[in-house]
Asks: 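Please read through the structure below; I'll follow up with questions.
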Amino acid sequence: MKLDFNHIQAAHCENGVTVGLLKNSGVKQITEPLAFGIGAGLFFVYIPFLKINNGPVIAFRSMPGLIFKRVCKALDIPIVRKKFSSKEAAEKFLNDCLAEGNPVGCQVGVYYLPYFPKEYRFHFNAHNLIVFGTEDGNYMVSDPVMEGTNIMSAYELERVRFAKGALAPNGQLYYPKESKPVTDEQMVSAIKSGIKRNVFNMISPLMGPVAGVNGITYTGKKIKKWRNKLGQKEAGSYLAQLVRMQEEIGTGGGGFRYIYGAFLQEAHAYIPNDDLLGISAQFTASGDLWREGAIQAAGIYKGRLGSQEDFNVMGDYLLQIAEIERKAFVALKNIKWQ
């Protein structure tokens, strides 16, 4: 049983799943940048006392699931979201959804995805994909970060749906409860609410100094102290974690900034305020600096660099980024909406 579903490749998994599910449900206007922006996906947080893969938690995006939830809420689309304690119940519910004609998004662990190259497999449980059919007892999977669709056995899918560790998915699945088109007026309202939410999250976050643009500044200052405080080896591993979270999990630091810049450009088509275009360019500049910083960090953890000055340069990248993003979000906050 294969549902009528079009695979869409995207830069980031949850964006892609959101776009794929909503287009399948009749929302023709949605694109990856619009999903990311309406869902207020841009974020930053550094939590040194929590560890993933022996490094501190550093996130460049909102919590898993929030983009889909926020976009659907903004567009007045009811959703179904469920977690399971029983693997059998999770499989039955998935099969029932497919039998009813509903492709579903699933949160999964990356490590055991059979179609992922080995070098990209590590213990990270916030990946998202779409299951859209069955074939000879296997499941048909649309993973937005892959060029085409894939097939997974029931065991393989169960294994990733119930991966253990931080952010364990617990069989979580989600999908729009009904198919319905949305108006351009709804898109305008959703774009404005998404921008306002992201402004708040980045310049007035509830998590304090470790989050938002303040969190980027905080991390930049900490990086300058890592070499003396942690030693060369551990400081290098911390920078490796930064790069891993930035460049390998989804689109990370630089990529997310480029997507957000694209969102503001696409928003301009709905809300013709030229300030959006100028602010978009600021996010592109921020993305460039994130990428340059990743090269600097890679040089340190691979041993090509390692002096205190090299750590200072790395920290300064983040301080520059924080200043650019602070100005960009303040400019967004000050836009006078019609």
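Computed from a predicted structure; not experimentally measured.
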Asks: Applying side-chain contact (heavy atoms from CB on, under 4.5 Å) to Leu277 and Gln265, what does each step give before you reach the verdict?
Replies: CA-CA 6 Å; Leu277 301 180; Gln265 292 179 22; 4.3 Å; yes
Asks: Among Phe36, Phe283, Trp290, find the residue that satisfies the ring pair (Phe, Tyr, Trp, His ring centres under 6.0 Å) test when tested with Phe256.
Replies: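 Single pass found, and it is Phe36.
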Asks: Between Val210 and Thr219, is the side-chain contact (heavy atoms from CB on, under 4.5 Å) condition met? List the steps.
Replies: CA-CA 8 Å; Val210 299; Thr219 307; over 6 Å; no
Asks: If I take atom CD from residue Glu178 and atom CD1 from residue Ile79, how far apart are they, to the nearest 0.5 angstrom?
Replies: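 Interatomic distance, Glu178 CD to Ile79 CD1, rounded to 0.5 Å: 12.0 Å.
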Asks: Looking at CD1 of Ile30 and CD1 of Ile77, how far apart are the two atoms once the value is rounded to the nearest 0.5 Å?
Replies: 8.0 Å
Asks: Kindly say whether Ala11 contributes a backbone atom to a donor-acceptor pair with the side chain of Glu32 at under 3.5 angstrom?
Replies: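 Yes, the answer is positive, given that a donor and an acceptor are paired below the 3.5 Å cut-off.
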Asks: Do Leu66 and Val108 share a hydrophobic cluster (ILVMFWY, side-chain heavy atoms under 4.5 Å, transitive)?
Replies: no
Asks: Which pair of non-hydrogen atoms, one from Tyr175 and one from Cys97, has the smallest distance, and what is that distance?
Replies: CE2-SG, 3.5 Å
Asks: Could you walk me through whether Asn201 and Arg197 pass the side-chain contact (heavy atoms from CB on, under 4.5 Å) test, one step at a time?
Replies: CA-CA 6 Å; Asn201 288 347; Arg197 183 189 293 272; 3.8 Å; yes
Asks: Report yes or no: is the cationic atom of Arg61 (NZ for Lys, CZ for Arg) closer than 6.0 Å to the six-membered ring centre of Phe43, at no more than 45° off its axis?
Replies: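 Verdict for Phe43: no cation-pi partner in Arg61.
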Asks: Let me see the working for Asn138 and Tyr155 under side chain to side chain donor-acceptor pair (under 3.5 Å), right down to the final yes or no.
Replies: CA-CA 9 Å; Asn138 297 318; Tyr155 170 72; over 6 Å; no
Asks: Can you name the closest pair of heavy atoms from Ser193 and Ala74 and give their distance?
Replies: OG-CB, 4.1 Å
Asks: Please report the closest heavy-atom contact between Pro181 and Gln186, naming both atoms and the distance.
Replies: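 Scanning both residues, the minimum pair turns out to be O-OE1, 4.3 Å.
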Asks: Using a strict threshold of under 4.0 Å (side-chain N to carboxylate O), is an ion pair present between Asp76 and Lys180?
Replies: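 So Lys180 pairs with Asp76 through a salt bridge.
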Asks: Strictly below 4.0 Å, N to O, side chains only: are Arg161 and Glu91 in salt-bridge contact?
Replies: no
Asks: Of all heavy-atom pairs between Met187 and Ile38, which one has the smallest distance, and what is that distance?
Replies: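 Nearest heavy atoms, Met187 then Ile38: CE-CD1, 4.1 Å.
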Asks: Measure the spacing between CE of Met140 and CZ of Phe5 and express it to the nearest 0.5 Å.
Replies: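 Between atom CE of Met140 and atom CZ of Phe5 there are 11.0 Å.
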Asks: I need the minimum non-hydrogen distance between Ala126 and Cys13, along with the two atoms involved.
Replies: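 Heavy-atom minimum between the residues: O-SG, 4.1 Å.
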Asks: Mind running side-chain contact (heavy atoms from CB on, under 4.5 Å) on Lys196 and Val199 for me, showing each step along the way?
Replies: CA-CA 5 Å; Lys196 291 175 183 178; Val199 166; 5.7 Å; no
Asks: Can you establish whether the number of heavy atoms outside Lys327 located under 6.0 Å from its atom NZ is more than 12?
Replies: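 No, not enclosed.
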Asks: Taking everything shown except Asn334 itself, do over 12 heavy atoms lie less than 6.0 Å from its CG?
Replies: yes
Asks: Return the CD1 to CG distance between Ile8 and Leu21, rounded to the nearest 0.5 Å.
Replies: 9.0 Å
Asks: Go through His268 and Asp274 one step at a time and tell me if the side chain to side chain donor-acceptor pair (under 3.5 Å) criterion holds.
Replies: CA-CA 7 Å; His268 183 265; Asp274 289 346; 2.8 Å; yes
Asks: Taking the side chain from Gln107 and the backbone from His127, do they hold a donor-acceptor pair closer than 3.5 Å?
Replies: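 Checking the backbone N and O of His127 against the side chain of Gln107, no donor-acceptor pair under 3.5 Å is found.
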Asks: With a cut-off of 6.0 Å (strictly less than), are more than 12 heavy atoms of other residues, nucleotides or ligands near NZ of Lys73?
Replies: no
Asks: Tell me whether Asp4 at atom CG has more than 12 heavy atoms from other residues, nucleotides or ligands lying less than 6.0 Å away.
Replies: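 Atom CG in Asp4 is not packed in, count stays at 12 or less.
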Asks: For Gln296, which residues count as a side chain to side chain donor-acceptor pair (under 3.5 Å) partner, sequence neighbours excluded?
Replies: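 Scan of Gln296 (side chain to side chain donor-acceptor pair (under 3.5 Å), adjacent residues dropped) gives none.
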Asks: Can you confirm whether more than 12 heavy atoms, excluding those of Tyr111, are under 6.0 Å from its OH atom?
Replies: no
Asks: Nearest 0.5 angstrom please: Ile130 CD1 to Asp143 CG, how far?
Replies: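 So the CD1 of Ile130 and the CG of Asp143 are separated by 9.0 Å.
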Asks: Are Phe132 and His7 near enough that their ring centres are under 6.0 Å apart?
Replies: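 No, the ring centres sit 6.0 Å or more apart.
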Asks: Is it true that the side chains of Tyr174 and Asn128 contain a donor and an acceptor less than 3.5 Å apart?
Replies: yes
Asks: Check for me whether Lys222 meets the cation-pi criterion with Tyr46, that is, NZ or CZ under 6.0 Å from the six-membered ring centre and within 45 degrees of the ring axis.
Replies: no
Asks: Measuring only between side-chain heavy atoms, which start at C-beta, is Ile151 closer than 4.5 Å to Asp136?
Replies: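 They are not in contact (no side-chain heavy atoms under 4.5 Å apart), so the answer is no.
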Asks: Which atom pair, heavy atoms only, marks the closest approach of Glu14 to Phe68?
Replies: OE2-N, 3.1 Å
Asks: Cation over ring, Arg159 on Tyr112, under 6.0 Å and within 45°?
Replies: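 Yes.
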Asks: Which atom pairs, donor and acceptor, lie under 3.5 Å between side-chain atoms of residues 305-312 and protein residues at least two apart or in another chain?
Replies:
residue: Ser307; atom: OG; partner: Glu309; partner atom: N; Å: 3.4
residue: Ser307; atom: OG; partner: Asp310; partner atom: N; Å: 3.2
residue: Ser307; atom: OG; partner: Asp310; partner atom: OD2; Å: 3.1
residue: Gln308; atom: NE2; partner: Lys224; partner atom: O; Å: 2.7
residue: Gln308; atom: NE2; partner: Asn312; partner atom: OD1; Å: 2.9
residue: Asp310; atom: OD2; partner: Gly306; partner atom: N; Å: 2.8
residue: Asp310; atom: OD2; partner: Ser307; partner atom: N; Å: 3.0

Asks: When rounded to the nearest 0.5 angstrom, what is the spacing between CG in Leu230 and CD1 in Ile223?
Replies: 11.0 Å
Asks: Verify, without hydrogens or angle tests, whether Glu266 (side chain) and Pro33 (backbone) share a donor-acceptor contact under 3.5 angstrom.
Replies: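 Checking the backbone N and O of Pro33 against the side chain of Glu266, no donor-acceptor pair under 3.5 Å is found.
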Asks: Given Glu325 and Arg257, is the salt bridge (charged side-chain N to carboxylate O under 4.0 Å, His left out) satisfied, shown in steps?
Replies: CA-CA 9 Å; Glu325 295 192 10; Arg257 272 62 189 173; 2.7 Å; yes
